[in-house]
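Numbering of ligands and ligand atoms starts at 1, following listing order. Worth knowing before you read on, the calculation uses all heavy atoms, side chains too, and leaves out hydrogens, waters and symmetry mates. Every value quoted in this text rests on a predicted model; they were computed, and no experiment measured them.
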Amino acid sequence: MLTDVATNSAFYTARRWLQECQDDHAKCPGKKAPTLPSRVIDVGSETKRGSVKLLVNSTPCKAHYTALSYCWGGSQQVTTTKSTLDDHVTSIPYDQLPKTIQDAVMATRNLGISYLWADALCIVQDCAVDKAQEINKMGQIYKNATLTIAAASAKTAHEGFLQPRPRIPSCEIPIYYDHQYDYDFATVQSSDADEPLYSRGWTLQERLLSPRMLLYGQKELTWQCQQNSSESLGTTFYQRSTGCKRLPVGIFVNKKLSRKERPSNTQTKQIWQSIIEDRLPALAGIAEQLHGIWGDYVAGFWKNCMLAHLA
Ligand SMILES: [Zn+2]
């Protein structure tokens, strides 16, 4: 038995998760359209398949967009370079795109969103100045995205993520509640840490700074946001603790925390230490966002626990 994550019903479930998150979750950003990155892929619509092009925003404009978090795993045949930039504004050759980006285009269209950000096409790959500028903005790009699509199961950009998965083994278990038996399903769950995507250092930033993630894992499709740690397209609804680290909610609702709301010195120390222990390469973007709501970030340290961290 296979679980197909590319069916209308799976996309319907993902759209419902997004709508509930935007409408009902106090800890998550609402429905307001974010500012678009300087370049995004216009994915066209369900009815205009094949029409994919690059949209260059010379002035700030607002619209919903998805951001793709994925492994390159080698070179890509189609990227935006100085010589392809103008052509891509007219049209991007969809059929030549690696499967993971094709799948991201398809998922974005089916979520009812018009724009997708993917580094290979939205950063000019052979321009050092553009690369430096855009990489610097990546924290903001993931933080502002309406939704991050995480191609967690794919080791390379050519693998794609919309193929059917083996159905997760499950069994029915009786629950005695309110003087009667009810039945629910128990499933064998995988850990996100096993996914190929999370062996890549940069994804720490993408993961922590994304307010919401639709995660296409090796076994299942899951939803992660600031309010719900995880919700799965499995046999039944369940929530689980993934051990996934989360940044303070203030970052996503753009609320400057008062002195009283800020974490204690011990909490600051614990939160920062646990992030550092994971991976180092992606820390700059995260520190910048935390500094925005906490303040007090000085040359790699938090003022109020600098001595402890130096030690
Ligand atoms: Zn939410």
Parallel, tilted or perpendicular, judged at 30° and 60°: which one describes the rings of W17 and W223? tilted
Results of side-chain hydrogen bond (donor to acceptor under 3.5 Å, both in side chains) for K303 - residues two or more places apart only: none
Does a donor on one side chain sit under 3.5 Å from an acceptor on the other, for T148 and S69? no
Distance alone, cut at 3.5 Å: any donor-acceptor contact between the side chains of S38 and E134? yes
Whether R16 and D23 form a salt bridge (side-chain N of Lys/Arg under 4.0 Å from carboxylate O of Asp/Glu) is what I want to check. no
Atoms of type N, O or S from the protein that sit nearer than 2.8 Å to the Zn ion (ligand 1) number exactly 4
Out of T79, T100, D119, which residue meets the side-chain hydrogen bond (donor to acceptor under 3.5 Å, both in side chains) rule with W72? D119
